[in-house]
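Step one of this worksheet: look at the structure below.
In what follows, chains carry the letters A, B, and so on, assigned in the order in which the sequence lines appear, proteins first and then strands, with residues in each chain numbered from 1.
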There are 2 protein chains.
Amino acid sequence: MDPTQMLSRSEEAEQFLKQLSNKTRLMVLCSLLEGERSVTELLDDVPVTQPVLSQHLALLREAEFVATRRSGQTIYYRLADNRIIQIMNLLYGFFCADN
Amino acid sequence: MDPTQMLSRSEEAEQFLKQLSNKTRLMVLCSLLEGERSVTELLDDVPVTQPVLSQHLALLREAEFVATRRSGQTIYYRLADNRIIQIMNLLYGFFCADN
DNA sequence: GCTCAATATTAGCTTTAACTAATATAGATT
DNA sequence: AATCTATATTAGTTAAAGCTAATATTGAGC
């Protein structure tokens, strides 16, 4: 591969992985693997304060790893990137599968 | 999953991903996907200075993502973690496959 | 229109990651 | 043993990520 392209592709991949490299975001994404969740539901699953969760959700939105849907004052999050589903399944196998 | 376990597993996964989340390390690992390489050969592939490459190689060794073999004054690096091979192949598909 | 519940944003601080520059080690060669 | 080549390490600086605390926004219900 041409060196300039290799560099820019590895920068993209770096960016992608960094957006994923956080325990709170990983727990959120893992929870969303099971389906749509409101912020309040995520707060039950993930041991962080509301503002911190909200900051991480903002990052996941900007990365377009998740998408949202509003219903009244409740906002539902869901996975929106097929790459994330693939990576999360792989990580689940590495770190969470019981065997 | 029990909340304490979920937290500690997501911390492990975070650590694992962070060790991977760097363009230089990604280029090194990508190069090693094709087989063993000496540091000098890696320097030809990866656009960084020798001390910087060496720092990243040290990190990859500590993470046990790679292993080494010495032959005279030359040190050869190779991939040593099957999880890395799986993730790198996935990332290659996401960011480097031409289609 | 006021109040409450759900969610988001901003500022300030601290920690961690990565770079540069200089130097060190270790094996090979003369 | 002196020198060269290959590789590693260390110290110092800068930049980026994540937290806390405070506050803002938005929709619902009275």
Side-chain angles (χ1 to χ4, degrees), chain A residues 7-8 10-32 36-80, chain B residues 6-8 10-32 36-78 80:
Chain A
L7 183 59
S8 82
S10 55
E11 281 168 351
E12 280 178 62
E14 171 183 330
Q15 173 70 0
F16 175 80
L17 288 171
K18 276 190 177 159
Q19 287 164 330
L20 216 53
S21 298
N22 174 277
K23 64 185 178 214
T24 299
R25 295 195 290 276
L26 288 169
M27 285 186 279
V28 166
L29 295 171
C30 194
S31 177
L32 295 179
E36 197 179 58
R37 295 261 187 285
S38 71
V39 177
T40 301
E41 287 167 343
L42 288 171
L43 269 174
D44 291 337
D45 285 10
V46 177
V48 286
T49 62
Q50 182 274 319
V52 166
L53 178 59
S54 198
Q55 286 164 9
H56 287 292
L57 290 173
L59 189 152
L60 292 172
R61 266 184 276 124
E62 277 154 39
E64 297 185 277
F65 291 172
V66 299
T68 59
R69 165 177 86 79
R70 173 184 282 274
S71 167
Q73 41 192 353
T74 301
I75 297 188
Y76 291 94
Y77 280 78
R78 63 178 183 279
L79 294 181
Chain B
M6 191 184 57
L7 183 58
S8 80
S10 56
E11 283 168 351
E12 280 177 63
E14 171 184 331
Q15 173 70 0
F16 175 80
L17 288 171
K18 277 189 177 159
Q19 287 164 331
L20 217 50
S21 298
N22 174 277
K23 64 185 177 217
T24 299
R25 294 195 289 275
L26 288 169
M27 286 186 279
V28 166
L29 294 171
C30 194
S31 176
L32 294 181
E36 197 178 59
R37 295 260 187 285
S38 71
V39 176
T40 301
E41 287 167 345
L42 288 171
L43 269 174
D44 291 338
D45 285 9
V46 178
V48 286
T49 62
Q50 182 273 319
V52 166
L53 177 60
S54 197
Q55 286 164 9
H56 288 292
L57 290 174
L59 189 153
L60 292 172
R61 268 184 275 124
E62 277 153 39
E64 297 185 279
F65 291 172
V66 298
T68 61
R69 165 176 86 80
R70 174 185 280 272
S71 168
Q73 42 191 354
T74 301
I75 296 188
Y76 290 95
Y77 280 78
R78 63 179 183 278

Study note, to complete from the structure: Of C:dT9, D:dC19, C:dA17, the nucleotide closest to the side chain of A:Thr24 is D:dC19
Exercise for review: Please work out if B:Thr74 contacts a base, only the sugar-phosphate, or nothing of the nucleic acid, heavy-atom cut-off 4.0 Å.
Suggested key: sugar-phosphate
Check your understanding: Any donor-acceptor pair under 3.5 Å linking the side chain of A:Arg25 with the backbone of A:Leu60?
Key -> no
Check your understanding: Within less than 4.0 Å of OP1 or OP2 of D:dA6, is there a side-chain N or O belonging to B:Arg70?
Key -> no
Check your understanding: If only side-chain N and O atoms of B:Tyr77 are considered, is one of them under 4.0 Å from the OP1 or OP2 phosphate oxygen of D:dA6?
Key -> no
Check your understanding: Does a donor on one side chain and an acceptor on the other come within less than 3.5 Å for B:Ser21 and A:Ser21?
Key -> yes
Exercise for review: Output yes when a side-chain donor or acceptor of B:Ser71 lies under 3.5 Å from a complementary backbone atom of B:Thr74, and no otherwise.
Suggested key: no
Practice item. Rounded to the nearest angstrom, tell me the gap between atom CG in A:Leu53 and atom P in D:dC19. Key: 11 Å
Point to revise | Exam field: side chain B:Ser10 to backbone B:Met6, donor-acceptor pair closer than 3.5 Å | key: yes
Point to revise | Nearest-Å distance for atom pair CZ/C1', residues B:Arg37 and D:dA6 | key: 18 Å
**Study point:** Separation of C:dA5 P from A:Asp44 CG (nearest whole Å)
**Key:** 16 Å
Check your understanding: Contact class for B:Tyr76 vs. all strands (heavy atom < 4.0 Å): base, sugar-phosphate, or nothing?
Key -> nothing
Point to revise | Distance, rounded to the nearest Å, where A:Ile75 contributes CD1 and D:dA28 contributes P | key: 11 Å
Point to revise | Rounded distance in Å - NE2 (B:His56) to C1' (D:dT7) | key: 15 Å
Review point. Of A:Leu57 and B:Asn22, whose closest DNA chain C nucleotide lies nearer the 5' terminus?
Key: A:Leu57
Check your understanding: Does any N or O donor sit under 3.5 Å from an N or O acceptor when you compare the side chain of B:Gln55 with the base of C:dT20?
Key -> yes
Review point. Of the nucleotides D:dT20, D:dG18, C:dT20, which one has an atom closest to the side chain of A:Leu59?
Key: D:dG18
Review point. A:Gln73 has a side chain; which of C:dA17, D:dG27, D:dT9 sits nearest to it?
Key: D:dG27
Check your understanding: Do the side chain of A:Gln50 and the base of C:dA8 come within less than 3.5 angstrom through a donor-acceptor pair of N or O atoms?
Key -> yes
Review point. Roughly how many Å is it from NZ in A:Lys18 to C1' in D:dG18, rounded to a whole number?
Key: 14 Å
Revision key, fill the gap. Walking DNA chain C from its 5' end, the first of B:Pro51 and A:Pro51 to be reached, judged by nearest nucleotide, is A:Pro51
**Study point:** Gap between atoms NZ and C1', on A:Lys23 and C:dT15 respectively (whole Å)
**Key:** 12 Å
Practice item. Check the surroundings of atom CD in B:Glu64: do more than 12 heavy atoms from other residues, nucleotides or ligands lie under 6.0 Å from it? Key: no
Review point. So what does B:Val39 hit on the nucleic acid, given a heavy-atom distance under 4.0 Å: a base, only sugar-phosphate, or nothing?
Key: sugar-phosphate
